[in-house]
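Because the structure is a prediction, the values reported are computed rather than measured. In listed order, ligands and their atoms are each counted from 1. Heavy atoms only: backbone and side chains are in, while hydrogens, waters and symmetry mates are out.
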Amino acid sequence: MKVLVIGQGGREHALLWKIKQAKKVKSLYSAPGNGGTAGIATNVPISPDDIAGLSKFCESEKIDLSIVGPEIPLSLGIVDIFKEKGLRVFGPTRAAAQLESSKIFTKEIARKENIPTADCEIFDNAEKAKDFIESKKAPLVVKADGLAQGKGVIVAKDKSEALRAVERIMVEKTFGHSGERVIVEECLEGEEASIIVISDGENIVPLASSQDHKRAFDGDKGPNTGGMGAYSPTPLVTDKIFEETVVKIIKPAILGMKERGTPCCGVLYAGIMITQDGPKLLEFNVRFGDPETQAILPRLNSDLLELIEACEVGALKNYSLKWDKRTAVCAVMASGGYPGKYEKGKEISGIEKAALPEDVLVFHAGTKAAGKKILTSGGRVLNVVALGDGIRETADKVYRACKTIKFDGAHYRKDIGRRALNLEVLQ
Ligand code: AMP
Ligand code: GLY
C-alpha cells in the first residue's frame with residue numbers, strides 16, 4: 001500500500017514511524033513532513049490546508065490511504081472532499097469534526113447526552129457575556145467557540161481577566177470568526193489527562209491513557225504551549241476513571257453523533273479533568289494528540305494500519321490492541337523563546353547519538369534537512385522519547401538523551417511525569 005500522512009509535526013513523524021512497521025506498507029509519503037520524516041518517507045511540499053493540492057497528489061500518485069494529522073484540514077472537510085473523489089482517507093467528516101472545531105457544538109452534545117462537563121453559558125453578544133461575568137464568582141474560564149491554535153481558552157483568576165478575555169475575543173476579534181461566540185464556564189479543579197480512542201462511528205477501541213504538559217516551564221509555570229511533553233500510561237487514570245470516561249463521556253458522544261446522522265469515524269480524543277466528582281470533559285479533539293501520540297505509539301505492539309483498516313470498514317467490535325507494559329516518556333525540545341518569538345535555522349547535533357539505545361526514539365517536529373545537516377524550523381523542534389520501567393527511570397533515560405542533543409537556545413521541561421510519580425509508587 002501507498003500511504004500518505006498529512007501534517008508536519010512530531011505526531012506525524014510518530015505516525016509514519018509506526019505505519020512503516022505495518023506489513024502491508026510499500027511506500028510512505030509525508031505532506032509536507034519535516035527533517036525527520038524525510039528519513040522514512042518521501043516528503044511532498046504540499047500544505048495540510050491545500051486540500052485541492054493534496055487530492056490531486058493522491059490521484060496522480062495513486063495513494064491508497066491518507067491519514068490526517070492536524071485539525072485544520074479536518075475542519076475544512078478534507079474527508080468529505082476525498083471521499084467524493086473516491087480517495088481513501090482516515091478521519092472524521094467536516095460535520096463530525098465540529099466536535100473539535102466548535103466548542104459550543106460540543107457543549108450542546110454534552111447537554112443532550114448528559115456528558116459531565118463544566119457548567120457554562122453561551123453568548124453571541126459581548127455585553128451580555130460581561131454582565132454574566134459580573135454576576136459570577138471568579139475563577140472563570142472564557143473560551144472562543146472556534147479553532148484558535150489552543151490559544152482561545154483563558155482561565156481567568158479574577159473577573160477583570162475574564163472581562164478582558166471577552167473584549168479580546170469578541171470585540172478585538174483576536175481569533176477572527178472563531179470568536180463570534182464565547183463560552184463562559186466554571187473553573188474545574190483536578191488533574192488533566194487525555195483519553196484517545198479510535199471509532200468506526202459506533203464501536204470504539206481505546207488507546208492507552210496519557211498526560212500532556214501544556215505550560216512552557218517546569219512546575220507548570222509560564223504560558224501555554226502546543227505541549228512540552230507527555231507520558232503514557234498515566235497512573236492518574238485508574239481503571240475506574242478510564243471506564244467512567246469511556247462510559248459517561250466517549251460512548252454517549254459517539255452515540256449522539258450517530259443518532260444525528262453524522263457519525264464520528266476516526267480518532268476521538270477526550271481531554272478530561274479528573275475532579276472529585278469523577279472525570280469531566282474539557283474538550284474533544286478529532287485527531288491524535290500532539291505530543292501524546294509520540295508517547296502512546298511506541299508502546300503499541302499491534303499493527304496501526306490494520307486497526308485503521310478495520311475502522312474504515314466498521315469492524316471495531318471486539319477489536320483489541322496489544323500494549324508494551326513499559327512506560328513511555330516524551331520531552332519536547334523547543335527553540336529559545338518558544339512559545340514567544342524564536343529564531344529558526346539553528347544547526348542541530350547529536351540526534352543520532354541520542355537515539356542509539358534501542359529504547360530511545362527521537363521524533364522530529366520543527367526541523368528541516370539541509371544537505372546532511374538538520375536545522376531548526378519551528379518552535380517545538382524535537383520529541384525525545386524513551387521506554388522504561390516506571391516514570392522516574394524512563395524520564396532519566398529521556399533526559400540523558402536530551403543532553404546529547406545540542407542546538408542554540410534549546411530548552412525543555414525537566415519534570416515530565418513528575419506529578420504522577422507519587423501515585424505510581426502507591427499503585
Ligand atoms: P480546552 O481547549 O477547552 O481543552 O482548554 C485548554 C486548557 O484550558 C485545558 O487543557 C485546561 O488546562 C484549561 N481549561 C479548559 N476548560 C477548563 C475548565 N472548565 N476549568 C479549568 N481549566 C480549564
Ligand atoms: N496535546 C493537546 C492536543 O493535541 O490538542
Review point. With backbone taken as N, CA, C and O and side chain as the heavy atoms from C-beta onward, which portion of M273 lies under 4.0 Å from ligand 1: side chain, backbone, both, or neither?
Key: side chain
Review point. Atoms of ligand 2 less than 4.0 Å from G289 heavy atoms?
Key: 4 (O)
Check your understanding: Does any non-hydrogen side-chain atom of E259 lie less than 4.5 Å from one of L255?
Key -> yes
Check your understanding: Based purely on interatomic distance, does D290 place a nitrogen or oxygen under 3.5 Å from a nitrogen or oxygen of ligand 2?
Key -> yes
Check your understanding: Under 30°, 30 to 60°, or over 60°: which ring-plane class applies to F123 and F132, parallel, tilted or perpendicular?
Key -> tilted
Review point. Tell me, which protein residue and heavy-atom name are nearest atom 5 (O) of ligand 2, and how many Å apart are they?
Key: R287 NH2, 2.8 Å
Review point. Stepwise, does the side-chain contact (heavy atoms from CB on, under 4.5 Å) test hold for V362 with V385?
Key: CA-CA 6 Å; V362 180; V385 184; over 6 Å; no
Point to revise | Ligand-side contact atoms (ligand 1) for residue partner A118, heavy atom cut-off under 4.0 Å | key: 19 (N)
**Study point:** Interatomic distance, T117 atom OG1 to L281 atom CG [nearest 0.5 angstrom]
**Key:** 4.5 Å
**Study point:** Protein contact to atom 20 (N) of ligand 1 [nearest heavy atom, distance to 0.1 Å]
**Key:** L188 N, 2.8 Å
Practice item. Could you list which atoms of ligand 1 come closer than 4.0 Å to a heavy atom of K143? Key: 3 (O), 15 (C), 16 (N)
Review point. So, does K280 sit close enough to ligand 1 that a heavy atom of it is under 4.0 Å from the ligand?
Key: no
Practice item. Give the C-alpha distance, both sets of side-chain angles, the deciding distance and a yes or no for salt bridge (Lys or Arg N to Asp or Glu O under 4.0 Å) between E244 and K240. Key: CA-CA 6 Å; E244 260 184 79; K240 181 166 176 280; 3.4 Å; yes
Review point. Could a heavy atom of C187 be found less than 4.0 Å from some atom of ligand 1?
Key: yes
**Study point:** Side chain, backbone, both or neither: V141 near ligand 1, heavy atoms under 4.0 Å
**Key:** side chain
Exercise for review: Heavy-atom contacts with Y269 under 4.0 Å: which atoms of ligand 2 show up? List them by number with element.
Suggested key: 1 (N), 2 (C), 3 (C)
Practice item. Could you tell me which atoms of ligand 1, counted from 1 in the order shown, lie closer than 4.0 angstrom to a heavy atom of K103? Key: 1 (P), 2 (O), 3 (O)
Review point. In terms of residue, atom name and distance, what is the protein heavy atom nearest to atom 13 (C) of ligand 1?
Key: V155 CG2, 3.8 Å
Check your understanding: Rounded to the nearest 0.5 Å, how far does SG of C58 lie from CG of L87?
Key -> 5.5 Å
Study note, to complete from the structure: If we number the atoms of ligand 1 from 1 as shown, the ones under 4.0 Å from a heavy atom of K214 are 10 (O)
Exercise for review: Measure from NZ or CZ of K414 to the centre of the six-membered ring of Y412 and say whether it is under 6.0 Å with the direction within 45° of the ring axis.
Suggested key: yes
Revision key, fill the gap. Under 4.0 Å between heavy atoms, the region of V153 that gets near ligand 1 turns out to be side chain
Check your understanding: NZ/K251 to OG/S199 distance, rounded to the nearest 0.5 angstrom?
Key -> 10.5 Å
Check your understanding: Where is the nearest protein heavy atom to atom 11 (C) of ligand 1: which residue, which atom, and how far?
Key -> E192 OE2, 3.1 Å
Exercise for review: Mark up the atoms of ligand 2 that fall under 4.0 Å of a heavy atom belonging to N285, in ascending order.
Suggested key: 5 (O)
Exercise for review: Distance to 0.1 Å, residue and atom name: give those for the protein heavy atom nearest to atom 19 (N) of ligand 1.
Suggested key: E185 OE2, 2.7 Å
Exercise for review: Give the C-alpha distance, both sets of side-chain angles, the deciding distance and a yes or no for side-chain contact (heavy atoms from CB on, under 4.5 Å) between F284 and Y269.
Suggested key: CA-CA 5 Å; F284 278 132; Y269 161 138; over 6 Å; no
**Study point:** R88 and E312: CA distance, side-chain angles, deciding distance, side-chain contact (heavy atoms from CB on, under 4.5 Å) verdict
**Key:** CA-CA 9 Å; R88 275 174 67 192; E312 276 188 297; 2.6 Å; yes
Review point. Would you call D220 and R413 a salt bridge, using N to O less than 4.0 angstrom?
Key: yes
Revision key, fill the gap. re atom 17 (C) of ligand 1, the protein heavy-atom contact at minimum distance is L282 CD2, 3.4 Å
Practice item. Please round to the nearest 0.5 Å and tell me the distance separating atom CG of L54 and atom CD1 of I6. Key: 4.5 Å
Check your understanding: D212 heavy atoms, cut-off 4.0 Å: which ligand 2 atoms fall inside?
Key -> 1 (N), 2 (C)
Check your understanding: Measuring from E186:CD to E121:CD, what's the distance to the nearest 0.5 Å?
Key -> 11.5 Å
Check your understanding: Taking both backbone and side-chain atoms of E292, is any N or O found less than 3.5 Å from an N or O belonging to ligand 2?
Key -> yes
